[in-house]
Every structure is written in C-alpha cells, then in structure tokens.
Number of protein chains: 2
Amino acid sequence: MTHNNPPFPSADHDHKHCVSHALKNAEAYCQQQGLRLTKLRHQVLELIWANHQPVGAYELLDQLTHEGRKAAPPTVYRALDFLMENGLVHRISSRNAYVGCSHAGHDHTAQFLICESCGQVAELDNAQIGSVIAKGANQLGFTVAQWTLEISGTCDQCKHRSQDE
Amino acid sequence: MTHNNPPFPSADHDHKHCVSHALKNAEAYCQQQGLRLTKLRHQVLELIWANHQPVGAYELLDQLTHEGRKAAPPTVYRALDFLMENGLVHRISSRNAYVGCSHAGHDHTAQFLICESCGQVAELDNAQIGSVIAKGANQLGFTVAQWTLEISGTCDQCKHRSQDE
DNA sequence: CGCATTATGTTACAATATAACATTACAGTA
DNA sequence: TACTGTAATGTTATATTGTAACATAATGCG
C-alpha cells in the first residue's frame, strides 16, 4: 500500500477529518495487535494529531491539564513511550518534539521534511532512500537497526507564499 | 578529495595521532578562513576528539574543569556553537552529544553510523545518499536547506567480537 | 594608545526528561 | 462475585540539557 497524498497538507484540507482518520487507524491497529490504547494514550495521540505539527511534551502536558486531566511530566512521557514503541508517533529529535505517524502499522523508519517557515512536518516513506542507506551502511560492514532522517528546508506552499509578497 | 579510511577505527589505531591530525586540520582551516580558534575553542575541540566518541556538553564541562579552567555551561555551549557553525563539530541530536567532524572544511551535511554496542560513531560522506534525498524532497516541491541522518546499528568489529564469545 | 568588537565569566533560570515509590484500574480465574 | 497478579497511572522529587542577560576581559585596528 502506498500513500499518494501530498505530504504537506493544503491550507484548506479538512483537518478534523485527518485527525479522526488517524485515530480510527490507531484504534483498529491496537485492537488487532492486542495493545491497550487507554483513555490517556488516546487523548495524547489525539492532541498530537490535533496540533498538526510537532508538539513538545510540556505543551502536551499543558493541553492535557486544560482538558481537565491531572497530569505531571511522567504522565505524558509514558504515553509518548507507548505510542512510539508501537509506531503511532515519532519523535523529531532535532526539535524535541513529537508527531503522529502517517503510516502507523507499516514497518518503516522515519524520514521527515521539516519546513522552517511554517513549522509543519511531512513524513516520507521513500523506499529508494531506505535502500541507498542500507547499501551504504552494509558496504562498511555495518548492520542497520534503525535510522532517522530529518530534512530541514522550505515547503512548496511557503515558497509560493513568499513569492506573492 | 575522498576519504578511504575505514569509518570505524580499528581497535589498535593510533588515536593520539588522529586527534592531533584533526586539530592540525582545524587550525589550518581557521587560519585560512580568518576564524579565531581561541584557546578555549581549541581545548574543547581537543577534548571532543580525545573522547573518541560522542560526548555530552556537561561531560565536556567536567573535563574542562578538571583541566583547571573555570567553566560554566555557557562556556561549553558557546565553544560548541562556534565549532558547529564552522563545521568542525557535529551534534548527534538523537543523543544530545557532540563529535568532531571528519571532513571539516568540506561542504557537507552529516551522516552518522552509530554503533549501539561500542558507542562509537562513524561519519559518512556518501554522495549517493545525498542525491537521493535531494531528489526525493525536490519531487515534492521541498527545498532542502540541510539534513541529518542518524543510523543506529552494529559495527563490523562488534559483530565479530560477539561471534567470538 | 583608545576604541570598537568579539570572546569569556558569572549568575540565574528555562526546558526537557527520568527515578522511585504509591495507588488505581484491569484481565483472567477460582 | 471476589481474588489476584499485572499493567497503568498518580505523585513527588530530581536529573539532564540548554539559554538569557549582563559584567568583565581580551583582541584587532585606526
């Protein structure tokens, strides 16, 4: 299965829909895998998607609190750990921030395009990149366990926006 | 110019030599570029290389202190900023740690092989990886400014070591 | 030298993440 | 249903990583 959606959502896309879509996927996936997507974890995952761009843990903590839940840092970090272990969320380590995974359930490692102008992140799943990396590493006798690729730059929309000014 | 050194140094390589080599390179580069490689910066760079694997900022701070210098966090972070801005050091963001750059002076972005077993890091400079990434991003209208690739796994030596047991 | 600029010292604090132990909820079973 | 072991969450305290802001010292240059 491949995703042909433009990786950076258009400005007027139906964001509510994409959030609920991601949540439904996650629910189905956890169901199928016998994972406990508890209320807290569900809530954190929803917040992450709702933010629509990488969110910090303490930002999530604030948002949880505003939603009326008593929460401390471990509350958030434990939920994040669960979500990351199960491929529902990725950490953008160059930003200490977290994003929902667009291909949850697939076996994949993460590749991100991070727009410096709008702050949005798009997740790639480019097989060619993966295979070139594997090849390069294997040539050196290195066995790859996992990897992260974080690409900063400017997305298409922001380029056009800046031309309009 | 290309480097054909094995990226993970052999166990018995002359480490003192590789440190002094890196320092000489850095000195020459700064000279040539009119950059001020002050005593502090030189000292920090030397410590980074001497550690022989990624080092945390506070670890460097300790080491500086043990060498008799009065230092506080900003001391180290400012030196690191200088060294990173000028391509003499890279930050491994998945580890909050810093390593000397093996190709200082070249225009390149960083690709790291991080051995989970011995903790050592090798820096790649694989043009093919770079071009595949650029192509993948450009196809999506994304303009790449810079990127980091951090690959975790097991290096050749550690694989063999574990077979011997 | 005298001045402007850059680098470093110093203090305080912000931001991110974890340890350790107490309590609660949950799933399976007698 | 009540019992029990496990997993999840609550709670407090603290570790780790990184910056802000302002003072002082060193450096390069006219």
Side-chain angles (χ1 to χ4, degrees), chain A residues 26-27 30-31 33-48 51 53-86 88-99 119 148 150, chain B residues 26-27 30-48 51 54-86 88-99 119 148 150:
Chain A
E27 288 156 15
C30 289
Q31 174 82 42
Q33 301 286 314
L35 299 170
R36 291 170 61 185
L37 186 58
T38 62
K39 203 169 168 186
L40 172 65
R41 291 163 176 174
H42 189 278
Q43 203 177 352
V44 170
L45 183 59
E46 179 165 16
L47 284 174
I48 289 176
N51 275 279
Q53 44 176 274
V55 217
Y58 278 73
E59 220 173 319
L60 289 169
L61 181 54
D62 279 352
Q63 296 177 7
L64 270 181
T65 306
H66 283 129
E67 290 192 350
R69 179 181 274 271
K70 268 198 179 175
T75 313
V76 172
Y77 282 103
R78 285 193 287 227
L80 288 172
D81 284 347
F82 169 87
L83 296 168
M84 286 191 293
E85 266 165 28
N86 296 295
L88 298 168
V89 157
H90 289 294
R91 178 189 153 96
I92 312 273
S93 59
S94 61
R95 312 232 154 177
N96 298 331
Y98 305 83
V99 285
T148 349
E150 301 180 11
Chain B
E27 287 156 15
C30 289
Q31 175 81 42
Q32 170 204 331
Q33 300 287 313
L35 299 170
R36 292 169 62 184
L37 186 58
T38 63
K39 203 169 168 185
L40 171 65
R41 291 165 178 171
H42 190 278
Q43 203 177 352
V44 170
L45 182 59
E46 180 165 17
L47 284 173
I48 290 177
N51 274 278
V55 217
Y58 278 72
E59 220 172 317
L60 289 170
L61 181 52
D62 279 353
Q63 297 178 6
L64 269 182
T65 306
H66 284 127
E67 292 194 349
R69 179 180 275 271
K70 269 199 179 172
T75 313
V76 172
Y77 282 105
R78 285 192 289 226
L80 288 172
D81 284 347
F82 170 87
L83 295 169
M84 287 192 292
E85 265 165 28
N86 296 294
L88 299 168
V89 157
H90 290 294
R91 179 190 152 96
I92 313 273
S93 60
S94 61
R95 314 229 155 179
N96 298 332
Y98 305 83
V99 286
T148 346
E150 301 181 11

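Predicted model only: the values in this text are computed from it and were never measured.
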Hey, could you give me the CD/CD distance between E46(A) and E67(A), rounded to the nearest 0.5 Å? 7.0 Å
Whole-Å distance, K39(B) NZ to dT6(C) C1', equals 18 Å
Roughly how many Å is it from CZ in R41(A) to C1' in dA25(C), rounded to a whole number? 12 Å
Can you list every side-chain hydrogen bond (donor to acceptor under 3.5 Å, both in side chains) pair that touches residues 57-66 of chain A, not counting sequence neighbours? N51(A)-Q63(A)
Does the side chain of R69(B) get closer than 4.0 angstrom to OP1 or OP2 of dT8(C) through an N or O atom? no
Report all side-chain donor-acceptor pairs from residues 35-42 of chain A shorter than 3.5 Å, counting only partners two or more places apart or in another chain.
{"residue": "T38(A)", "atom": "OG1", "partner": "R41(A)", "partner atom": "N", "Å": "3.3"}
{"residue": "R41(A)", "atom": "NH1", "partner": "R36(A)", "partner atom": "O", "Å": "2.7"}
{"residue": "H42(A)", "atom": "NE2", "partner": "E27(A)", "partner atom": "OE2", "Å": "2.7"}

Distance in angstrom units between L61(B) CG and dG9(C) P, rounded: 11 Å
Rounded to whole angstrom units, what separation is found between the CG atom of L35(A) and the P atom of dT6(D)? 19 Å
CD/Q33(A): more than 12 non-hydrogen atoms of other groups inside 6.0 Å: yes
Would you give the length of the straight line joining atom NE2 of H90(A) to atom OG1 of T148(A), rounded to the nearest 0.5 angstrom? 9.5 Å
Between T75(A) and dT11(D), is there a side-chain N or O to OP1/OP2 distance below 4.0 Å? no
Among dT11(D), dA8(D), dT10(C), which nucleotide has an atom closest to any side-chain atom of K70(A)? dT11(D)
Distance in angstrom units between L40(A) CG and dT11(D) P, rounded: 13 Å
What distance do Y77(A) atom OH and L60(A) atom CG have between them, rounded to the nearest 0.5 Å? 9.5 Å
Quick one, give me the B/S/- string for nucleotides 13-30 of chain D, reading 5' to 3', where B means a protein heavy atom under 4.0 Å from the base and S means that only happens at the primed atoms, P, OP1 or OP2. ----BBBBB-----S---
Protein-nucleotide distance (L83(A), atom CG; dT9(D), atom P), rounded to Å: 10 Å
Measure from CG on L80(B) to C1' on dA7(C) and round the result to the nearest Å. 15 Å
Rounded to whole Å, CD1 of I92(A) lies from P of dT16(C) at a distance of 14 Å
Any side-chain N or O of T38(A) under 4.0 Å from OP1/OP2 of dA25(C)? no
Check for a donor-acceptor pair, side chain of E150(B) on one end and backbone N or O of S93(B) on the other, with a separation under 3.5 Å. yes
